[in-house]
There are 4 protein chains.
Amino acid sequence: MSQSDSFRELLLLDVSNEVKYSEKQLKILEAAIETFSEKGYAATSTSEIAKRAGVAEGTIFRHYHTKKELLIAIVSPLMTKLVGPHMAKDFAKNIFEVEYKSFKDFIRNLALNRYEFVKKHSLVVRILLQEISLHDELKEPYMKLFQDHIYEKFKNKIIEFQDKGEVVPLPPDTIIRLIITTIVGTLVSMFVLLPEKQWDYELEMNSTIQLLVNGLIVK
Amino acid sequence: MSQSDSFRELLLLDVSNEVKYSEKQLKILEAAIETFSEKGYAATSTSEIAKRAGVAEGTIFRHYHTKKELLIAIVSPLMTKLVGPHMAKDFAKNIFEVEYKSFKDFIRNLALNRYEFVKKHSLVVRILLQEISLHDELKEPYMKLFQDHIYEKFKNKIIEFQDKGEVVPLPPDTIIRLIITTIVGTLVSMFVLLPEKQWDYELEMNSTIQLLVNGLIVK
Amino acid sequence: MSQSDSFRELLLLDVSNEVKYSEKQLKILEAAIETFSEKGYAATSTSEIAKRAGVAEGTIFRHYHTKKELLIAIVSPLMTKLVGPHMAKDFAKNIFEVEYKSFKDFIRNLALNRYEFVKKHSLVVRILLQEISLHDELKEPYMKLFQDHIYEKFKNKIIEFQDKGEVVPLPPDTIIRLIITTIVGTLVSMFVLLPEKQWDYELEMNSTIQLLVNGLIVK
Amino acid sequence: MSQSDSFRELLLLDVSNEVKYSEKQLKILEAAIETFSEKGYAATSTSEIAKRAGVAEGTIFRHYHTKKELLIAIVSPLMTKLVGPHMAKDFAKNIFEVEYKSFKDFIRNLALNRYEFVKKHSLVVRILLQEISLHDELKEPYMKLFQDHIYEKFKNKIIEFQDKGEVVPLPPDTIIRLIITTIVGTLVSMFVLLPEKQWDYELEMNSTIQLLVNGLIVK
DNA sequence: CATGAATGAGAGTTCATTCAT
DNA sequence: AATGAATGAACTCTCATTCAT
């Protein structure tokens, strides 16, 4: 599946078919994703996006009043995928509201779920990573979303495993940070920093899971 | 020690006193570091740097012919610190050409060495991370430097520990990637992504080391 | 009577019911009058007019091929009111083809007639004043209309009063200019420049008439 | 004296030689005055001004951050001429703080002073008249300046003449309005609306003065 | 008739870079 | 060496106008 297809899918899921995107609008979004991800938001000109999308420059601004609005339109669907209010496939529900046989099961599910996600949306993820710390308009909603919908559930899961004596008695915050750091670091390495390298995805994911499990369970 | 002081130190070490930096030049570099790290390279204007540095716009271009040269001047000293040809404090020599009692010792040294480094140069590290994937002029020398001076030594160390039966028999490349991913992920979280958070640095570093050691040694 | 109503009346008189204006067309004209008069012709965008009128942008151009045509459509009815070929209420006939008992009567009629007119159509008058010196398409017909239909009659009236020894023996052109200047200046002050001021219209008009009469009659 | 010379003089008087204008800056101001006065502020493009001034478009924005700032820079010196705090030639002092033998003397001085002024600065006056009601940034300071520095003195003069039984007992505000309306109307007719007409300036000014004097004195 | 998406020329403005002083 | 005025290309964004629906 191409990146373009993946973004179209992202949009469709996002809005539960409530919003219609015209073909031109999709062309603009796709062109913007490609260019932002190659050169960065600030170094990309709207005229280049227009050229790539095969539309007039004015057309971009008919749909997205400013260049920044275009950036937000690209990056926002990621958020909905994480915590879509009425979405069957939403991440928070699928990962944290499930019973696991073991900590290993939990880590494996989490890691593989994120693996699929980043693999599918690597260009948009790349843009998000590049720009999130430069634009408060992006940073704040993501922080809030993490705090409100993910952090608490994540923490409870960790405490649950600690109570069962399965996981080491480090502060849950630290454990969460280690898990995220390790998984995200792996995915970013493979799909964002060195996407052209011939990775053995299965090996890398399994090793990462193994590191986390062996590193965090009580032996 | 302030970030500015740290950069001055970085420069002095870098050049082994071979190049003289005028006070204006340092002002420019400091202003550029602050602004690049806040807003990103592309979104920073040379006029803003000039204003912050308290110099005329033309002065910047007397020292650095282009804006990109200024970026490179900021980021390059990091490289020399990694593998300075005649430098006592060079990272490669200090970390990889040393005998360790145990894998844990090795990881601890590596992690703490990088901790000190990133803590001291967090602004420049931030700039490097933001820009490296957008500019081939930055990416290539870093890749080459890693390949030529660090990778081989790192790999040998890992194989050494594997031969002793201390480390799990995963491919050395994967182990290297896991170590780097985990340590860099931790440091980036603390100093680049969420620098304003009240981190317990000691706790985070020790936990990270513990994760890597428990996760990678043969039990 | 609102300004919008006044424009509708202006149109109806104008065309002697020969042209039909659709409701949309009237909405467009009203919106254009308001916006042109607030922000000036050049600073008003057709999209803003469309929004105010509650019609699509394209609809404006179906009725008025260009933005300038819209301006002319707004301002032209004023002209017909001045010298409508078959119009009972036309200004030229009503004011200059009438016998007056005295110069004072003449000035009073002239001033009050213009007072009613400007009061009723102040927005359109404002637009005309703003734009007339910037667009030759507006300036020329007005100059010609004044020359052809008003100037000669006005001059004859003045000479008539001078011959009777009632009015000072200044050149008729100068007297015409003084009368127009004074009346128009007064009306513009009250309705165009400072419309929000609480004017005592009767006082101002009477004083203006008094100034002109005392200033121009032979004592 | 050309309009350009007149504006240069305006600037020099304005600032009491405290501010230096570069040759390019003057070229820009002159080009802007010509173009604004011909086509109006909104219909004038900065690129056209640059072309006329023989400078690069960027140069305009080095001196005046926005197009509106350029408009204000053109129109502001007029204000200083009216009420320059330390200026020998300031209008308010010269006209209203002087003893007059008669009302006629006062009106003559006032009219001729304004005549010289508008004649010299007709282009800038034209711009001011065109734009003042469209931009609050212009309107407010002028209203305030009139209120604070001119209105009170003007009113006292009128009351003085009324107390002497020389001037008709209309409300002073109305008399002020009639005087301004008549003089400004005359000057605007001659220099702004129909500058190309072959006016007999002396005749027109004398007639205007005569109208005001005969119209307002007690016989 | 009415619509509003699409256009592309041109608007105001910013910018990295040059160069006379 | 340092300055900062000047440049003109490129930028984001707006606009009057067109046209398929």
Side-chain angles (χ1 to χ4, degrees), chain A residues 22-25 27-28 41-51 53-70, chain B residues 22-25 27-28 41-51 53-70, chain C residues 22-25 27-28 41-51 53-70, chain D residues 22-25 27-28 41-51 53-70:
Chain A
S22 73
E23 201 53 35
K24 296 237 161 180
Q25 232 175 123
K27 280 266 171 60
I28 290 167
Y41 168 78
T44 296
S45 74
T46 49
S47 90
E48 186 177 354
I49 295 170
K51 219 170 285 164
V55 303
E57 211 171 342
T59 307
I60 293 176
F61 290 94
R62 169 157 291 277
H63 294 289
Y64 307 95
H65 297 330
T66 63
K67 191 184 164 193
K68 182 153 276 174
E69 217 169 81
L70 178 56
Chain B
S22 73
E23 198 55 32
K24 296 234 163 185
Q25 231 174 123
K27 279 268 171 57
I28 290 167
Y41 168 79
T44 296
S45 73
T46 50
S47 87
E48 186 177 354
I49 296 170
K51 213 174 290 162
V55 304
E57 282 199 64
T59 308
I60 292 176
F61 289 91
R62 185 150 296 279
H63 294 289
Y64 307 95
H65 298 333
T66 65
K67 190 183 164 193
K68 183 153 275 175
E69 221 169 77
L70 177 56
Chain C
S22 72
E23 198 55 33
K24 297 234 161 184
Q25 229 174 124
K27 279 268 171 58
I28 290 167
Y41 168 78
T44 296
S45 74
T46 50
S47 87
E48 186 177 354
I49 294 170
K51 214 174 291 164
V55 304
E57 283 200 62
T59 308
I60 292 177
F61 289 91
R62 184 149 297 278
H63 293 288
Y64 308 95
H65 298 334
T66 64
K67 190 184 165 193
K68 182 152 277 174
E69 221 170 78
L70 178 56
Chain D
S22 73
E23 201 53 34
K24 295 238 160 179
Q25 231 175 122
K27 281 266 173 59
I28 291 167
Y41 168 79
T44 296
S45 76
T46 50
S47 89
E48 185 178 354
I49 295 170
K51 220 171 284 163
V55 303
E57 212 172 339
T59 307
I60 293 177
F61 290 92
R62 168 158 292 276
H63 294 288
Y64 307 96
H65 297 330
T66 64
K67 191 184 164 193
K68 184 153 272 175
E69 217 170 80
L70 177 56

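Below, chain A is the first sequence line, B the second, and so on; all start at residue 1.
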Got a list of side-chain donor-acceptor pairs under 3.5 Å for residues 54-65 of chain B, not counting sequence neighbours?
unit_1: Thr59(B); atom_1: OG1; unit_2: Ala56(B); atom_2: O; d: 3.4
unit_1: His63(B); atom_1: ND1; unit_2: Gln25(B); atom_2: NE2; d: 3.3

(message) Rounded to whole Å, please give me the gap between CD in Glu48(B) and C1' in dG4(F).
(response) 18 Å

(message) Quick check: on DNA chain E, is the nucleotide nearest Arg62(B) upstream (toward 5') of the one nearest Arg62(D), or the reverse? Name the residue that is more 5'.
(response) Arg62(D)

(message) Nearest 0.5 angstrom please: Lys67(C) NZ to Tyr41(C) OH, how far?
(response) 5.0 Å

(message) Please compare Lys24(D) and Gly54(B) by the position of their nearest nucleotide in DNA chain F and report the one closer to 5'.
(response) Gly54(B)

(request) Can you tell me the distance, in whole Å, between the CD1 atom of Ile49(C) and the C1' atom of dC15(F)? (result) 12 Å

(message) To the nearest 10°, give me the bend of the helix from dA2(E)-dT21(F) to dT21(E)-dA2(F), comparing the axes of its five terminal pairs at either end.
(response) 0°

(request) Check the distance between dC13(F)'s P and Ile28(A)'s CD1 and give it to me in whole angstrom. (result) 14 Å

(request) Anything under 4.0 Å to a heavy atom of chain B counts; send over the first and last such nucleotide of DNA chain E, read 5' to 3'. (result) dC15(E) to dT18(E)

Pairs: protein N or O with nucleotides 8-10 of chain F N or O, under 3.5 Å:
none

(message) Taking side chain to side chain donor-acceptor pair (under 3.5 Å) as the definition, give me every residue that meets it alongside Lys51(A), ordered by chain and number, with sequence neighbours left out.
(response) none

Please tabulate, one pair per line, all N/O donor-acceptor pairs under 3.5 Å involving side-chain atoms of residues 43-50 of chain B, not counting sequence neighbours.
unit_1: Thr44(B); atom_1: OG1; unit_2: Thr35(B); atom_2: O; d: 3.4
unit_1: Thr44(B); atom_1: OG1; unit_2: Gly40(B); atom_2: O; d: 2.7
unit_1: Ser45(B); atom_1: OG; unit_2: Ser47(B); atom_2: OG; d: 3.3
unit_1: Ser45(B); atom_1: OG; unit_2: Glu48(B); atom_2: N; d: 3.1
unit_1: Glu48(B); atom_1: OE1; unit_2: Lys39(B); atom_2: NZ; d: 2.8

(request) Rounded off to whole Å, could you give me the CZ-to-P distance for the Phe61(A) and dT12(F) pair? (result) 7 Å

(message) Just the rounded figure in Å: distance from P of dC15(F) to NZ of Lys68(C).
(response) 17 Å

(message) If you assign Thr44(B) and Thr46(D) each to the DNA chain E nucleotide with the nearest heavy atom, which residue ends up on the more 5' nucleotide?
(response) Thr46(D)

(message) Please compare His65(C) and His63(B) by the position of their nearest nucleotide in DNA chain F and report the one closer to 5'.
(response) His63(B)

